Amino acid sequence: MKISMLLIALALSRICCAQFVKEAQVEIYPIQIGWDKTTVLVFPFEVVSADFGSSAVLSQKDKAAPNVLKLKAGQRHFASTSMYVITTEGKLYPFSVGYTEYPDARPIDMGRQKEVEHAKVMLKESSMNPADLAAVLDEMSQRIPSELSWGKKSGLVRLGLGELVEKDGVLFFQLAVENKSWVDYLPEKWKFAIQDKRQAKRTAIRQLTMEPVSFTTFKGVGGKSGGVAVFAFPRFTISDAKEFSIQIFEKNGDRNPVLSISGKELLNADPLLISNHNLNNHD
């Protein structure tokens with residue numbers, strides 16, 4: 001009995017002494033606000049709540065754009081304090097708020113901030129940086145695909161692969177959306193996954209969802225027209241038994257075309273040939 005109690009005590013002491021690992025701690029964003037100028041934060045989703053550690057920070061959610069939060073100092077030279085913003089997507093944005101007489105007048109796009117952070121994490125093993133990515137994405141989005149490999153059509157809308165290129169450990173997919181109907185096609189989301197080509201009956205398809213490092217904005221295509229979107233992923237390969245599935249979903253609709261890319265196609269990615277001189281690394 002004494003031994004059991006001793007083991008329990010030791011276990012509890014280890015729990016009590018446990019420390020949070022660095023990877024579990026959320027990044028805190030430093031921000032400075034002023035007395036006579038408004039600081040604007042733009043979030044990717046609507047702001048649900050904003051909690052402040054001090055009444056010296058004044059905030060207002062924009063009525064016309066509920067994803068925009070306006071900040072101002074309620075008193076000069078207040079001590080640095082905390083601010084926590086929660087959006088409808090369920091994400092928490094922690095800030096450290098300080099005072100300055102000369103606040104930056106430029107709005108801060110938190111969605112873009114998250115994209116850059118994500119890109120930096122995903123590109124640890126690549127010599128490319130977010131600026132390089134943006135340059136390649138912009139160039140490829142303006143190119144007209146010389147040939148396309150089309151996927152399955154859905155409601156007169158189909159998805160095709162144009163250029164597939166690789167640079168410094170990053171794969172760039174140029175995707176074309178063609179709308180042969182007169183009804184505009186407005187996308188809601190994209191889905192990328194590695195999955196088995198075949199599966200036994202009564203078994204679920206095994207999928208590994210993939211997230212792009214960065215991508216171009218794609219707002220959709222009008223009737224009887226087409227458009228191009230470009231996505232960047234850390235370089236990966238798959239076996240012959242698997243495929244890389246790409247699907248785009250329609251907003252308020254069921255036209256959800258899908259495109260499958262084989263492992264062989266991924267291995268045939270071309271080296272990047274690009275004219276943009278803003279790249280830090282040239283081929």
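Quick note: residue numbers are just sequence positions, from 1. Predicted, not measured: the structure shown is a model, and the values here were computed from it.
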Subject >> Test item: K197 and K242 side chains (from C-beta on) under 4.5 Å apart, heavy atoms >> reply: no
Subject >> Nearest heavy atoms of P234 and V213, plus distance in Å >> reply: CD-CG2, 3.2 Å
Subject >> Pairs touching residues 250-267 that satisfy side chain to side chain donor-acceptor pair (under 3.5 Å), sequence neighbours left out >> reply: S181-R255, E250-R255, S262-E265
**OP:** Can you spot which of D132, V136, L137 makes a side chain to side chain contact (heavy atoms under 4.5 Å, CB included) with S214?
**Re:** L137
Original post:
If two hydrophobic side chains count as joined below 4.5 Å and joins carry through other members, does V42 share a cluster with I86?
Top reply: no
**OP:** Please report the closest heavy-atom contact between L133 and A232, naming both atoms and the distance.
**Re:** CD2-CB, 4.1 Å
Subject >> F244 ring center near F236 ring center (under 6.0 Å) >> reply: yes
**OP:** Please assess E46 against E89 for the test side chain to side chain contact (heavy atoms under 4.5 Å, CB included), listing each intermediate value before the final yes or no.
**Re:** CA-CA 8 Å; E46 179 180 345; E89 63 178 327; over 6 Å; no
Original post:
Between N67 and F45, which heavy-atom pair has the shortest distance, and what is it?
Top reply: CB-O, 3.3 Å
**OP:** Quick one: pull up CZ in F172 and CD in E166 and give me the separation to the nearest 0.5 Å.
**Re:** 9.0 Å
Original post:
Do V97 and F78 pass the side chain to side chain contact (heavy atoms under 4.5 Å, CB included) test, and can you show the C-alpha distance, the side-chain angles, and the key distance before you say yes or no?
Top reply: CA-CA 10 Å; V97 186; F78 63 83; 4.1 Å; yes
**OP:** Assess whether atom CD of E147 is packed by more than 12 heavy atoms of other residues, nucleotides or ligands within 6.0 Å.
**Re:** no
**OP:** Take L58 and L71 through the side chain to side chain contact (heavy atoms under 4.5 Å, CB included) test and state the conclusion after the steps.
**Re:** CA-CA 6 Å; L58 305 178; L71 302 175; over 6 Å; no
**OP:** Could you tell me the separation between the CD1 atom of I246 and the CE atom of M210, rounded to the nearest 0.5 Å?
**Re:** 10.0 Å
Original post:
With hydrophobic residues grouped by side-chain heavy-atom distances under 4.5 Å, do F95 and I28 end up in a single group?
Top reply: no
**OP:** Would you indicate whether K37, at its atom NZ, is surrounded by more than 12 heavy atoms from other residues, nucleotides or ligands within a distance under 6.0 Å?
**Re:** no
Original post:
Does atom CG of L267 have more than 12 heavy-atom neighbours from other groups under 6.0 Å away?
Top reply: yes
Original post:
Hey, is NZ on K61 packed in by over 12 heavy atoms from elsewhere, all under 6.0 Å?
Top reply: yes
**OP:** For the pair L92 and Y84, evaluate side chain to side chain contact (heavy atoms under 4.5 Å, CB included) and give the outcome as yes or no after the intermediate values.
**Re:** CA-CA 7 Å; L92 171 71; Y84 297 94; 3.9 Å; yes
Original post:
Could you state the interatomic distance from CG (L175) to CZ (F231), rounded to the nearest 0.5 Å?
Top reply: 6.0 Å
**OP:** Could you tell me whether the side chain of N179 and the main chain of V157 form a donor-acceptor pair under 3.5 Å?
**Re:** no
**OP:** Is it possible for you to say whether V57 and V68 belong to one hydrophobic cluster, with membership spreading through side-chain heavy-atom contacts below 4.5 Å?
**Re:** no
Original post:
Tell me the side chain to side chain donor-acceptor pair (under 3.5 Å) pairs involving residues 216-234, sequence neighbours left out?
Top reply: none
Original post:
If you group Ile, Leu, Val, Met, Phe, Trp and Tyr by side-chain heavy-atom gaps below 4.5 Å, do L186 and V258 land in one group?
Top reply: no
**OP:** Please examine the side chains of D62 and Q60, heavy atoms only from C-beta on, and report whether any two atoms are closer than 4.5 Å.
**Re:** no
Original post:
Are L266 and F192 connected, step by step, through hydrophobic side chains (Ile, Leu, Val, Met, Phe, Trp, Tyr) whose heavy atoms are closer than 4.5 Å?
Top reply: yes
Original post:
Given E178 and K153, is the salt bridge (Lys or Arg N to Asp or Glu O under 4.0 Å) satisfied, shown in steps?
Top reply: CA-CA 9 Å; E178 183 183 62; K153 188 184 295 184; over 6 Å; no
Original post:
If you measure from OH on Y93 to CE on M83, what distance do you get to the nearest 0.5 Å?
Top reply: 12.0 Å
Subject >> Rounded distance [0.5 Å steps], CG in L259 versus OG in S149 >> reply: 6.5 Å
Subject >> Contact summary for W150 and A176, nearest pair of heavy atoms >> reply: CZ3-O, 3.9 Å
Subject >> Residue pair P257 / Y185: nearest heavy atoms and the distance that separates them >> reply: CD-OH, 3.7 Å
Original post:
How close do G162 and P145 get, heavy atom to heavy atom, and via which atoms?
Top reply: CA-CB, 4.2 Å
Subject >> Pairwise distance NZ(K72) to CD1(I33) - rounded to 0.5 angstrom >> reply: 10.5 Å
**OP:** Check whether more than 12 heavy atoms from other residues, nucleotides or ligands sit under 6.0 Å from atom CG of D240, and answer yes or no.
**Re:** no
